[in-house]
Amino acid sequence: SASGPAPRGRRRSRKPPPPPPPPTGPTRPPAIGFALFAAAVLLGITVLLSGCVRIDADLDLAGPGHLQMQWDIRSDSGRLQPWQERFEQELHKQLPDLRISHPDPGALRISSRVISAKGLQNDLDRMVELAAETTGLALNAPTIQLQERNWLIGVDQDLRLALDLSDLPDIPGLAITLNLNDKPSPSILHSGEHAILEERRWHWIPLGLGSLAVLLLLL
């Protein structure tokens, strides 16, 4: 018996559509900004867990228009912390005029030259920038204001030092001591505090005193 006409072609079987891509997209490596942020957070945690840190800052009026400052950064662990070592390395590179020594185990002493108030403020700003980069913490630089009146025989000096730690997170054991001209009662600050210190001093000018003595002798 004759069979029916052969079909021209078979229908292609429809495959199920592929699953949609994940909503988050393909996995990508973290951006550079994220890596820097994570590094800053880790450095900050290192500082928080590195034990008690004491910072002593002494500011002296060395003469008309000139100041000198010394910082002692001490770790109660008896040895320098990694962030202190990195901070010292950056200071050697960026501010070579500073004198750096280690008077005791775990102590880092930073001393400036006898310098103008403006020059010292510039050094302090750079020091705090390096400290912030090293520790990953937000730090505010101290501000120095020096006003002087020259009376020929002497200079009337009015010094003002301000330090704001309000943006600093709570770090257990952190204490910053501020002192002007070796006063017997320095100011001690902790995280979240701020202080303003003022000192007024009269500085004699030898040349002016000599001129006054000559004038008196002539009279």
Side-chain angles (χ1 to χ4, degrees), residues 53-74 84 87-88 90-101 103 107-135 137-168 174-213 215:
V53 176
R54 294 177 300 160
I55 302 176
D56 298 330
D58 297 320
L59 180 62
D60 294 326
L61 284 165
H66 288 77
L67 302 169
Q68 187 175 21
M69 176 166 276
Q70 176 176 292
W71 291 80
D72 284 336
I73 305 176
R74 301 177 180 272
Q84 288 177 288
F87 183 46
E88 180 180 355
E90 291 300 324
L91 288 178
H92 280 300
K93 296 177 184 178
Q94 304 291 336
L95 297 170
D97 291 338
L98 296 177
R99 295 190 297 269
I100 301 177
S101 60
L108 177 64
R109 175 169 292 175
I110 306 167
S111 304
S112 72
R113 299 171 294 127
V114 177
I115 193 173
S116 66
K118 183 178 180 180
L120 183 58
Q121 182 67 65
N122 293 335
D123 286 351
L124 280 175
D125 292 342
R126 187 57 185 148
M127 282 179 57
V128 172
E129 289 179 3
L130 294 177
E133 295 173 1
T134 304
T135 62
L137 298 174
L139 304 173
N140 296 321
T143 57
I144 299 174
Q145 294 181 355
L146 178 61
Q147 296 181 352
E148 297 181 329
R149 291 184 180 181
N150 194 328
W151 298 93
L152 297 181
I153 61 173
V155 178
D156 184 17
Q157 298 177 299
D158 188 5
L159 177 62
R160 186 174 183 269
L161 174 64
L163 180 60
D164 186 6
L165 302 180
S166 58
D167 295 336
L168 195 65
L174 174 65
I176 300 179
T177 302
L178 297 177
N179 197 354
L180 296 181
N181 295 318
D182 296 327
K183 275 190 170 184
S185 57
S187 179
I188 301 178
L189 279 77
H190 301 87
S191 302
E193 300 177 349
H194 67 277
I196 298 176
L197 281 69
E198 291 184 293
E199 172 76 4
R200 193 164 186 175
R201 171 176 287 193
W202 176 266
H203 187 87
W204 295 101
I205 300 179
L207 182 59
L209 290 175
S211 302
L212 179 60
L215 179 60

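Treat the numbers as computed from the prediction; the structure is a model and nothing was measured.
- Using modelled atom types, one side-chain atom of Q121 and one backbone atom of P142 make a donor-acceptor pair closer than 3.5 Å.
- Note that CG of L146 is 12.5 Å distant from CZ of R160, once rounded to the nearest 0.5 Å.
- In the displayed structure, H194 atom NE2 is contacted under 6.0 Å by at most 12 heavy atoms of other residues, nucleotides or ligands.
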Review point. Side chain to side chain contact (heavy atoms under 4.5 Å, CB included) between D164 and T143: does it pass, once the steps are laid out?
Key: CA-CA 9 Å; D164 186 6; T143 57; over 6 Å; no
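- Looking at R200 and D158, no side-chain N of the basic residue comes within less than 4.0 Å of a carboxylate O on the acidic one, giving no salt bridge.
- Smallest separation of non-hydrogen atoms from L139 and A132: CD1-N, 3.8 Å.
- Annotation for I196 and A162: closest pair CG1-CB, 4.0 Å, computed over non-hydrogen atoms.
- Annotation: Q94, atom CD; neighbour count of heavy atoms from other residues, nucleotides and ligands within 6.0 Å is above 12.
- Of the possible polar contacts, none joining the E148 side chain to the P64 backbone as a donor-acceptor pair under 3.5 Å is found.
- Rounded to the nearest 0.5 angstrom, M69 CE and L98 CG are separated by 11.5 Å.
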Review point. Does the pair F87 and I100 meet the rule for a side chain to side chain contact (heavy atoms under 4.5 Å, CB included), with working shown?
Key: CA-CA 11 Å; F87 183 46; I100 301 177; over 6 Å; no
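- Checked options L174, L168, L178; the residue passing with L189 is L178 (criterion: side-chain contact (heavy atoms from CB on, under 4.5 Å)).
- Looking at E90, its side chain never comes within 3.5 Å of a backbone N or O of A131 through a donor-acceptor pair.
- Scored by the salt bridge (Lys or Arg N to Asp or Glu O under 4.0 Å) test, D97 finds R113 as partners (sequence neighbours excluded).
- Crowding of W151 atom CH2: a count of heavy atoms from other residues, nucleotides or ligands under 6.0 Å not exceeding 12.
- Note that CG of D56 is 4.5 Å distant from OG1 of T177, once rounded to the nearest 0.5 Å.
- Atom-to-atom distance recorded for I110:CD1 and L91:CG is 5.0 Å, nearest 0.5 angstrom.
- Proximity of L95 to M127: side-chain heavy atoms (C-beta onward) are separated by under 4.5 Å at one or more points.
- Applying the salt bridge (charged side-chain N to carboxylate O under 4.0 Å, His left out) definition to pairs two or more places apart or across chains, those involving residues 177-195 are K183-E199.
- Nearest heavy atoms, H66 versus S116: CD2-N, 3.9 Å.
- Atoms CZ and OG, from R99 and S112 in turn, are 7.0 Å apart once rounded to the nearest 0.5 Å.
- In terms of heavy-atom proximity, P103 sits nearest to R74 at CG-NH2, 4.3 Å.
- At least one donor-acceptor pair under 3.5 Å links the side chain of N181 to the backbone N or O of L61.
- Taking CD1 from I144 and CG from L67, the interatomic distance works out to 6.0 Å, rounded to the nearest 0.5 Å.
- Side-chain N or O atoms of Q84 include one that pairs as donor or acceptor with a backbone N or O of I73 at under 3.5 Å.
- The heavy-atom pair separating N140 from L163 by the smallest distance is O-CD1, 3.8 Å.
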